[in-house]
Amino acid sequence: MKLLHIDSSVLRPHSVSRKVSSAIVERLKRATPSLELAYRDLTTAPLAHLSGQHLAAAQGATAEAALQEDLTAGQAALEEFLAADIVVLGAPMYNFTIPSQLKAWIDRIMVAGKTFAYGANGPQGLAGNKRVIVAISRGGFYGAGTPAAALEHLETYLRGVFGFIGVSRLEFISADGIQVGPEHREKALTSALEAATNLHAA
Ligand SMILES: Cc1cc2nc3c(=O)[nH]c(=O)nc-3n(C[C@H](O)[C@H](O)[C@H](O)COP(=O)(O)O)c2cc1C
């Protein structure tokens with residue numbers, strides 16, 4: 001069994017999503033010591049944003065050396081994702097959605113013929129065999145009925161992306177209200193870490 005752990009917060013040691021994603025990995029590793037771990041930090045080793053040249057190369061155009069390097073990195077990210085049985089993703093909210101580094105990664109794993117396909121009945125997910133657990137941290141509150149609910153494009157977006165590629169075992173652990181104040185931050189972090197400890201092992 002392979003577990004892919006990904007972080008995307010730029011706040012490194014101060015990051016809540018990183019603390020929670022680590023706790024999730026620790027919990028799963030303790031339950032299944034034979035788990036093979038792979039780790040990807042999207043802030044220290046970012047993938048480039050897609051360009052016209054990327055798309056041309058995908059259609060068979062010859063890539064220059066610099067682009068070739070990035071294409072190889074993107075291919076490695078895709079293969080690593082495809083090989084994983086479990087994906088643990090640290091996802092902070094920046095400007096109401098995911099960090100751009102995480103979007104650049106998603107752009108490399110949303111590949112027709114690899115993670116989804118268009119068939120007679122429309123799009124079909126090809127990555128249904130994975131368990132994906134997302135550690136979310138948000139400065140404010142976005143629950144149903146809150147004034148900012150319509151601005152929630154982090155969890156809703158990730159649900160859409162992973163749903164599109166067929167992931168049905170999609171779980172979220174959220175730490176909300178992180179910027180409301182230190183007490184609230186502590187409470188939200190403690191509760192998210194507790195949820196990580198209580199996760200189903202398999
Ligand atoms: C650049 C930036 C943009 C942010 N934008 C939002 C936002 O739109 N809504 C929100 O509720 N919190 C926002 N926050 C607060 C973060 O979501 C919050 O601090 C969260 O804990 C970040 O996750 P992390 O601690 O793992 O980095 C933002 C923080 C940063 C650094």
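Read the numbers this way: they start at 1 and go in the same order the structure lists the ligands and their atoms.
Between the side chains of Thr43 and Asp41, at least one donor N or O lies within less than 3.5 Å of an accepting N or O. No side-chain donor-acceptor contact under 3.5 Å links Ser168 and Arg131.
Glu171 CD: more than 12 foreign heavy atoms inside a 6.0 Å radius.
For a heavy-atom separation below 4.0 Å, the residues in contact with ligand 1 are Ser9, Leu11, Ser15, Val16, Ser17, Pro92, Met93, Tyr94, Asn95, Phe96, Ser137, Arg138, Gly139, Gly140, Tyr142, Ile178, Gln179.
When each of Ser22, Ser137, Pro92, Ser9 is checked for a side-chain contact (heavy atoms from CB on, under 4.5 Å) with Ser15, only Ser9 meets the rule.
Here Val180 sits in one hydrophobic cluster together with Phe141; the rule is ILVMFWY side chains under 4.5 Å apart, joined directly or through other members.
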**Asked** After noting the C-alpha distance and the side-chain angles of His153 and Phe96, does the key distance pass the ring pair (Phe, Tyr, Trp, His ring centres under 6.0 Å) rule?
**Response** CA-CA 6 Å; His153 305 295; Phe96 309 115; 7.4 Å; no
